[in-house]
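Below is one structure, written out as structure tokens, with a few remarks after it.
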Amino acid sequence: MLKRGSTILSIWSGINFLLAALILTSVVIFNANSPLLVMVFEKSEIASLDAKVIASLNALTILYNSCSVVLSVLVWLLIRKSLIAGQKWAFWVLLFVIGFVEVMAFIASAPIGNARWQVNVVLSALYVVGIGLSGYSLFKGDKK
């Protein structure tokens, strides 16, 4: 079960990495606006926004997604090197770090109408299942 839990947490990390990298690439390299603009505002509202508001949202998008890419890589390394080896400290770090990120994702989305709730639900479900299987395996003695 530890291997299954680790695999599911790795999938969480991979999805998180891919989404953040795609958004980061579109905003930084292709000079696109933050995807939140079209998720939150109508086209007419976007047209009436001040350029500084759009630039600020793009800056926050770059900052958040940069952190998300790095966090995903670090989490994946922790899963692959330490959790799968049965190190309990890695479980606790992942429980609190990913758990904090998932809770904050819902809190951040609430004021904007839960614009990305589908992504939040999928990632949270992967986290709960992965951390649950890993924890059960580590603390019940089933290291398979």
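One-based numbering along the sequence shown.
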(Q) Counting C-beta onward and ignoring hydrogens, is there a side-chain heavy-atom pair between Tyr127 and Leu95 closer than 4.5 Å? (A) yes
Q: Examine Leu19 and Val27 and state if one hydrophobic cluster contains both, with Ile, Leu, Val, Met, Phe, Trp and Tyr joined whenever side-chain heavy atoms are less than 4.5 Å apart.
A: no
Q) Hey, does Trp89 have a side-chain heavy atom less than 4.5 Å from the side chain of Ser82? A) yes
Q: Check whether any side-chain N or O of Ser13 sits under 3.5 Å from a backbone N or O of Ser72 as a donor-acceptor pair, and report yes or no.
A: yes
**Q.** In one Ile/Leu/Val/Met/Phe/Trp/Tyr side-chain cluster, 4.5 Å: Phe17, Leu83
**A.** no
Q | Side chain proximity check, Leu2 to Leu138, heavy atoms < 4.5 angstrom | A | yes
Q | Hydrophobic cluster identity match, Val38 and Ile112, side-chain contacts under 4.5 Å | A | yes
Q: State, yes or no, whether a side-chain contact exists between Leu94 and Ile79 at a heavy-atom distance under 4.5 Å.
A: yes
Q | Side chain to side chain, Ile23 and Tyr64, heavy atoms closer than 4.5 Å | A | no
Q.
For the backbone of Gly130 and the side chain of Ser134, can you confirm whether one donor and one acceptor N or O come within less than 3.5 Å of each other?
A. yes
Q: Measure the acute angle between the ring planes of Phe139 and Trp92, then classify it against the limits of 30° and 60° as parallel, tilted or perpendicular.
A: tilted
Q: Please answer whether the main-chain N or O of Thr61 pairs with a side-chain N or O of Asn65 as donor and acceptor at a distance below 3.5 Å.
A: yes
Q) So do Leu49 and Leu57 actually touch side chain to side chain, heavy atoms under 4.5 Å? A) no
Q: May I have the step-by-step check of side-chain contact (heavy atoms from CB on, under 4.5 Å) for Leu9 and Val75, ending in yes or no?
A: CA-CA 9 Å; Leu9 288 172; Val75 162; 5.9 Å; no
**Q.** CD/Glu45: more than 12 non-hydrogen atoms of other groups inside 6.0 Å
**A.** yes
(Q) Using a 3.5 Å distance criterion without hydrogens, assess whether the side chain of Asn58 forms a donor-acceptor pair with backbone atoms of Asn33. (A) no
Q | Student check: side-chain heavy atoms of Ile131 and Ile98 closer than 4.5 Å | A | no
Q.
Any heavy-atom pair between the side chains of Val121 and Phe106 that's under 4.5 Å?
A. yes
Q) Among the clusters formed by ILVMFWY side chains lying less than 4.5 Å apart, do Met104 and Val119 turn up in the same one? A) no
Q) Do Leu24 and Trp76 belong together in a cluster built from hydrophobic side chains that touch within less than 4.5 Å? A) yes
